Structure formats: structure tokens, C-alpha cells
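Since the structure comes first, as C-alpha cells, the remarks are kept for the end.
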Amino acid sequence: MDDKFLKPYDSKETEGAIYKLWEDSGFFNPDVCVEKGITDSEAESFSIVLPPPNVTGTLHVGHAAMLAIEDILVRFNRMRGKRTLWLPGTDHAAIATQEKVEKNIYKEEEKTRHDLGREVFLKRVEDYAQESRDTIVGQIKRMGSSIDWSREAYTLDKARNLAVRTAFKKMYDDDLIYRGHRIVNWDPKLQTTVSDEEVEHVEEKTTFYYLQYGPFVIGTARPETKFGDKYVVMHPNDKRYEEYKEGQEIELEWINGPIKATIIKDKAIDMEFGTGVMTITPWHDVVDFEIAERHNLDKEQIIDYKGKLLPIAGEFAGQHIKKARALIVEKLKSKGLVVKTDENYIHNIATDSRGGGVIEPQIMMQWFIDVNKEFKLPYSEINGIASGEMVTLKKLMIHVVENGQVEIIPDHFSKIYFHWINNLRDWCISRQIWYGHRIPVWYRGDETYTGVEAPEGDGWKQDEDTLDTWFSSGLWTFSTLGWPEKTDDLKRYHPTDVLETGYDILFFWVARMILMSTYLTGQIPFKKVYLHGLVRDGQGRKMSKSLGNIIDPVDMSDKFGTDAVRLSLIVGTAPGNDSKLSEDKIRGYKNFANKLWNITRFVLENTEEINTENIELGAWQQEQIKEFEKTLEEITGDIENYRFYLAGEKLYHYAWHIFADKIIEESKVRLNGSDEKDKSATAIMLQEILHKLLKALHPFMPFATESIWQHLPKSKMKGREILMVEKWPI
RNA sequence: GGACGGUUAGCUCAGUUGGUAGAGCAACUCGUUUACACCGAGAAGGUCACAGGUUCGAGUCCUGUACCGUCCACCA
């Protein structure tokens, strides 16, 4: 027996060397597995893409959970003989990364991106992204991920940029991308638009004002937007206002003097709310915008892109809306127009979840993806939709989930998904930031050119805007496999088998991937979506810097070993549910790694000297092996059905409380007995169960099992040199 | 306002098609000269949130209620 087993299992000493062993073997790459005869060249493939972590920082424990689940899937399928690809990468996270680098530069040099200029600034962001990428890759390796580094991608590298330009051009030609004046979410702080999904509604207590507006009383929480209000709207069935007719004009005294207001009747008005009458500000409110569109009303901009009032505000022009509100209220009061105030009004304010600015809706010229437009899908492998059939993007997104071609786990998220799509509006994809894929459109005078490559000739100027980061992420399952080229990888590994990601990006990412993939490739992007929950602290609180309760996965790996961290993130964690993590839990699994180590020690010490040639097993030994195989079958089924928490727990229970506590204890008696045949049979049984147990545990705790495997006496080993590519034991 | 979850042992959670309630951790008792104290043996601990219903039988299915959580939403 190797002397190593005389001391407790030391994860720190072994993990680095084990990862190097795997990496050097080349077996993370499925092509190498085929070349070296590990995987059958005709084998079915199994592929997943890594949800690319943002290059804004370092990995957190949520990433560690994701990596653990994906690595289990990958190792399991590899051991089952499938041609298994796990493809890594990182995400440029446009706004988030730019924002972070801008902050750093301002802190260090008090310069803005405009001081540096586009080119210099982008170089700085690239440097930052590269550094962050290196850190992240190191962390992914620390977690034991058996991922194919030879295929690593970046959402903003050359190959992905070609995919983005190709996708844009195609959508543009199909009229699915259009440019137009529409109301968008404008972040005055970051000076860019953001998508509807990025807007976060936060409740805030504020004052609600009831204002005299001619014969009416209107309510508002934002008096500073009311300057341009020249339409007064009520429900057509509201009996209280029967005497007022649509289109009727009334003269009234308003903030800056007398104005003429027009009566509008619209069913969007809630008769129960306030007085049942409101004025509208179409330029800065989505509902108002839609009312104005329906009745063909004028729209006027009141607030500029920095949040300051425009000349329409008269004496208040040039003031920031935050400061102006109180002054405007004062003036309204002095004119006797404030009827009543409610100081405890709870108002939903829209903020940008990326940077925290308060969103000011604005009507702007922007690029959009039309989700309702009918078009002809040229090629389809989608069940129930034929090549050449007329569809919409919305229809594609709903269809593939509805018919089960894409299965969401847990199932109830499908309902949330449908609900979201049914309320989906056109996706604003242009951003006024620099870090990202530049929109592949060029202008010259009145001419516009859209293409994969820049147009020939002089005087063309490319659109200044970049694309929403999720546009390129949406292409991730196939852009990483070589699309738009028709590569072998694409043919072999797409659609991917599983997408494993957090439920928090179901809309941002999962839905967008389904949209892009079905449209551009005619294939679903993945067969299953496995959604994991949030990892919270031991008390169920969200981990955050301000609470100081962040558990760093690398720290925990140093302290307890990566296997312990992985198991603690798997067991007790059902898909779609948030889970709790504490150091105590991790410690428990560190003990388990050591238990396994000592189980091995016992088996080696007590079977080495025993003859195991040509021995038939007795009834008891056969029974133990049969029982174990039954358990293994159950566990295999659990993994196949994405119940990793059950599989992990069952293996833990079997190893500790059946194999160690029962079988080994009973074996002690037999090994000390006088029946030589029974001794040999027991030794064989112990070895066999141990070997199978190591294989079955390998996806869950790869380091400890591989480390043990490497120290088993070579003379008695029948299998392969590296446990990672051994065959699954059942 | 709408939708989706959850409520099972002190804590964290399992409980797959309805058939006498399970695991880990913690707490309790006992045990240490050889696999492991990063250990073993043993015992204790639950009206399965509540109220109805279906059934021979309900933690599991149906209806309603309460509380907790999450997401979505254009109530000025």
C-alpha cells in the first residue's frame, strides 16, 4: 500500500497535480478521446456550452454551483462513452464592463472615456477584460471543470463578431431588425438605452399631488413632467364626465400661463384611480405614448437626455428635474392649483439594474428587433414547423417550448416563460456605449448600407452605437461551434444537449438563444434547460459585499477541498430553488472525502496479501455486490433525470453507512476467520465495490477519487490509467 | 393588480405513479491498542401550516384560508 494512505486526505497537496494530469492527457477534448480510442468514433455526442461568466470580476459561489452541476453532467456522460464536449468562454458584458473600467479610470486619473477617446478607451477595456478572463479561467480550473480549453471563445472575439454581423444582416434583410423613433428606456446616468428586462422597478415613498386642471382634478407623482400636458384623458364610459366630448377644447390656467387643452377618451383609463382623469406626457411615459399613438396626438420632449428641463418649461428650463420639482410645486401652490397632497404615496420608479440610474423614457431613433413580424423561415428542423413556413419570432419562441422540443427543468418555469413572451415588446438592441459589437450599418448622406463587411468607397461612416450584449450571447450555442461556417463541430454538437444556468437569466439569455437559434439555424439551441437557483448564506440571505456574508469558492477550496465545496453545492439543492450554504455544510463533505480515503486504506491493507485468483464468490459477497448494483442503477437514473441532489446523497449514504459501517465491519470478522475461501471472496468483493464506488463518485468528487485511483496498486488494476475516462460502473 | 413557488424532526432539506413518515447537521447516552475521532454503537425527536373534500387508505389528488418568498405589470 502507498504510504500516502497513512495520513489523512490532503486536498491541497493533490488537486493541482490532478488537474494537470487531466489537462495533459488531452481528454477534455472529445476529439482526443476518439483519437486515443477512449471514445468510439461512432459514439453519440453530448454537448453543453458554459454560460460565459462576465469579465467584470471574479467567480462567486453561484458560478461554483453551476460549474459543479455541469461538470457532473459532463463527467457522467463521458464515462458513459459519449463523445462529450463542454465548451468554455467568457462574456464581454458590454455595459457592466465599460461601466467598471470607466469608474476605475476616473478613480485613478480623474478622466472620462471622452477624455481618452474611443480607441484608447477601448484598449483599456480590452486589457481589463483580458486580466479578468485569466482570473476566471484559473478559478474554473480550481473547481475541477473538465472543460475543453482548446475551443475557448469570447463573446467579443473575431469569430463571434463575424457571427454577430452575419446575424444582423440577415435579420435586417428579413425586416426583423428596423430603425425607428420609438419610446425607449433611457438611462441619463450611463447615457444609453437599456432593454425592458434591464429595467428594475423599485418602490419609493413619494408625495402625490392633486392638481386643478381647468374643470378637472388630475393626479401626479411627477409634476415636473406636466409642462407640455395639453391633452386631458378620461374613460369613454365615465358618467361623471359625460358632458365633455372627444376633441372638445377647453381653456385653462396652467403652470406657466393659460393653455388650451383637448379632451380625449380612451379605455386605458382606470375610472377607479384618483379622479378618473389624467393628462398625458407621451414623450416620457409608455402608456401615454400609446394613448398618443392611438389618437394621433402631438408628442413633445420636456426633459433632455441629461435629465434637465427644456425651454418648454419656461422659467424652469435648464434645471435638473430632481431640483426643479420642489420649485414647480411651489409655483403651482402659489397659483392655487394644488388641491390636495398625499405624502405617503408608494410609487414604482424604474431604475437601470446595471448602473442604478433612474430611467427616463424618451422617444429616440434606435434599432429594434421586431418580435411580431411575420416572415418565412427558410429552413427548419423544428417539430411542427416546416421549412418555408410563415412564422414570427414570438411564435418560434413559444412553439419549441410548448411542444416539448425544448424542455425546461423545473417544469413550472415554462409558465413564467410563456407569460413573459406573451407580454413581450420589440427588443431595443442599440446601445450608446463603446464596448461591444458595433452595429454593421454605414451612412453617407442619405444613403444607408447594411452588410457583413464595410461598404466600398469613400465617405461612409459607421453607426456609432453598439449592440446589446445579449445579442451576441443569444448566438452562443452555435457561434462557438463555428457558425456561420458549416463546420463539423456545428454538425456534430448542435443542438446542444443541456443548457444549465440560473433562473434569473431565463428572459435575458435563454429566451434570446431560442429566438436566435431557431431563426438563424432552424434548430433549437438545446434540448433541455436546467435552471439552478440562487446560493444564499446559512441564514437564507442573499450574499453581498455590504452584508459581508460572501462565501468565496476558492477560499473554501483552500480550506476544505474542491470536492467538499462541490458536494455542498449539490446535495440539498433542487433545480429552480434557492439553496443555503454554510461552512459547516462544506466541512461535512470534507470529512466524507477523508472517509473515502480511509475506506481505501482499509481495503488495500486487508486485501493485499490475499490470493484473489480463481475464486468464486460466496452468497454473502454476491448479495452485497447485487445490492450495490441496484443502488447504482437508481443513482444512474437520478443523474439521467437531473436529480443530482439525490444521486449525491445516495452515494454519500451508501459509501459511509452501507459500505463502511456494514460491509467493512462484517468483513473484519470474515477476514479474521479461518475460512480461506471466504477470506478471498471477501477481498475480491471489497475491491470490486471500491472500484465501482470510486467510478460512481468521480463526477461528484473528481479530485479525491482520481487521487485514490492514481495510488491504487497498478498490478491489480484492470482498467484505464485515468479514472476520468473509465467506464461508468453500470 | 396578475402569475409562480414554498410551508414535513431544533436547523437544512428529501419523500418519483396516493399504501404505517426519511437523510444530513445539531443536541443526548455509551465507546478509543490497530481503516478513519475528519470515528463507531445506541436512543430521542414530526397532528407533514390550517379547514374542508375525493378515497378502503392522503405528506402526496381537489377546493378554500393563512403566512413566507420570487417574478411580471402602463394605474396617471
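Chain letters run A, B, ... following the sequence lines, proteins first and then strands; every chain starts at 1. These figures come from a predicted structure and were not determined experimentally.
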Separation between the P atoms of B:U54 and B:A43, rounded to whole Å
41 Å
Between atom CZ of A:Phe507 and atom OG of A:Ser195, what is the distance when rounded to the nearest 0.5 Å?
12.0 Å
Interatomic distance at C1', B:U33 relative to B:U20, whole Å:
45 Å
Sugar-phosphate, base or nothing in reach of A:Ala574, heavy atoms under 4.0 Å
sugar-phosphate
What nucleic acid atoms does A:Tyr645 come within less than 4.0 Å of, heavy atoms only: base, sugar-phosphate, or nothing?
sugar-phosphate
N or O in side chain of A:Tyr213 less than 4.0 angstrom from B:A76 OP1/OP2:
no
Hey, does A:Ile218 reach any base, or is it just sugar-phosphate, or nothing, if we go heavy atoms under 4.0 Å?
nothing
If you define the side chain from C-beta out and look only at heavy atoms, does anything of A:Ile302 sit under 4.5 Å from A:His284?
yes
On a whole-Å scale, what distance lies between the C1' atoms belonging to B:C13 and B:A51?
27 Å
Separation of atom CZ in A:Arg670 from atom C1' in B:A35, rounded to whole Å
19 Å
Under 4.0 angstrom, heavy atoms only, what part of the nucleic acid is A:Asn577 near: base, sugar-phosphate, or nothing?
sugar-phosphate
According to a strict under-4.0 Å criterion, is A:His657 in side-chain N/O contact with OP1 or OP2 of B:G24?
yes
Watson-Crick or G-U wobble mate for B:G24, both contacts under 3.5 Å
B:C11
Could you work out which one of B:A35, B:C75, B:C36 sits closest to the side chain of A:Ala660?
B:A35
If pairing requires Watson-Crick or G-U wobble contacts with both distances under 3.5 Å, which nucleotide is the partner of B:U47?
none
Under 3.5 Å donor-acceptor pair, A:Glu665 side-chain atoms to B:A35 base atoms:
yes
Side chain proximity check, A:Lys340 to A:Asp342, heavy atoms < 4.5 angstrom:
no
Distance between the C1' atoms of B:G18 and B:A23, in whole angstroms?
22 Å
Nearest whole angstrom, please: distance from the C1' of B:C71 to the CH2 of A:Trp420.
13 Å
Given the C1' atoms of B:U70 and B:C56, what is the spacing between them in whole Å?
41 Å
So A:Asp661, base contact, sugar-phosphate only, or nothing? Heavy-atom distance under 4.0 Å.
sugar-phosphate
Assign A:Tyr345 to base, sugar-phosphate, or nothing according to its heavy-atom contacts below 4.0 angstrom with the strands shown.
sugar-phosphate
Give a yes/no answer on whether the side chain of A:Trp656 brings an N or O atom under 4.0 Å of OP1 or OP2 in B:A23.
no
May I ask you to evaluate whether A:Lys415 reaches the phosphate of B:C72, defined as a side-chain N or O under 4.0 Å from OP1 or OP2?
no
Pairwise side-chain contact, A:Ile663 with A:Leu686, heavy-atom cut-off 4.5 Å (strictly under)
yes
Does the pair A:His60 and A:Met543 meet the rule for a side chain to side chain contact (heavy atoms under 4.5 Å, CB included), with working shown?
CA-CA 10 Å; A:His60 51 71; A:Met543 292 188 194; over 6 Å; no
Mind checking A:Gly276 for me? I need base, sugar-phosphate or nothing, with any heavy atom below 4.0 Å counting as a touch.
base
Does A:Asn591 have a side-chain nitrogen or oxygen under 4.0 Å from the phosphate oxygens OP1 or OP2 of B:C39?
yes
Could you tell me whether the phosphate oxygens of B:C11, OP1 or OP2, come under 4.0 Å of any side-chain nitrogen or oxygen in A:Lys580?
no
Whom does B:G52 pair with, Watson-Crick or G-U wobble, provided both distances fall under 3.5 Å?
B:C62
Counting only side-chain heavy atoms from C-beta out, which of B:C38, B:C36, B:A14 sits nearest to A:Asn598?
B:C36
Round to a whole Å and report the spacing from OH of A:Tyr652 to P of B:G24.
7 Å
Could you state the CZ-C1' distance from A:Phe507 to B:C4, rounded to the nearest angstrom?
10 Å
Watson-Crick/G-U partner (both atom distances under 3.5 Å) of B:U70
B:A3
Could you tell me how far apart A:Leu671 (CG) and B:A35 (P) are, to the nearest whole angstrom?
11 Å
Base, sugar-phosphate, or nothing for A:Lys668, non-hydrogen atoms under 4.0 angstrom?
base
Give one of base, sugar-phosphate or nothing for A:Asp584, where a contact means two heavy atoms less than 4.0 Å apart.
nothing
Let's test this: given Watson-Crick or G-U wobble pairing with both distances under 3.5 Å, identify the partner of B:C39.
B:G31
So, are A:Glu605 and A:Arg601 salt-bridged, with charged N and O less than 4.0 Å apart?
yes
Hey, is the side chain of A:Arg425 poking within less than 4.0 Å of OP1 or OP2 on B:C74, counting only N and O atoms?
yes
Could you give the distance separating B:U17 and B:C61 at their C1' atoms, to the nearest angstrom?
12 Å
If the P atom of B:C62 is compared with that of B:U7, how far apart are they to the nearest Å?
15 Å
Using atom C1' in both nucleotides, what's the gap between B:G57 and B:A21 to the nearest angstrom?
15 Å
Less than 4.5 Å apart, any side-chain heavy atom of A:Ile369 and any of A:Asp426?
no
Base, sugar-phosphate or nothing for A:Ile280? Non-hydrogen atoms, less than 4.0 Å.
nothing
Is a donor-acceptor contact shorter than 3.5 angstrom present between the side chain of A:Lys595 and the base of B:C36?
yes
Just how far, in rounded Å, is P of B:G15 from NZ of A:Lys650?
10 Å
Between A:Gly274 and A:Thr573, which residue's closest nucleotide on RNA chain B lies nearer the 5′ terminus?
A:Thr573
Between A:Asp229 (CG) and B:A76 (C1'), how many Å, whole number?
10 Å
Just wondering, do A:Thr262 and A:Lys230 contact through their side chains at under 4.5 Å, heavy atoms?
no
Once you round it to whole Å, what is the distance between P of B:C13 and CG of A:Leu569?
14 Å
A:Ile416 has its side chain closest, among B:A76, B:C71, B:G5, to B:C71
Any luck finding a side-chain donor-acceptor pair between A:Asn185 and A:Asp196 under 3.5 Å?
yes
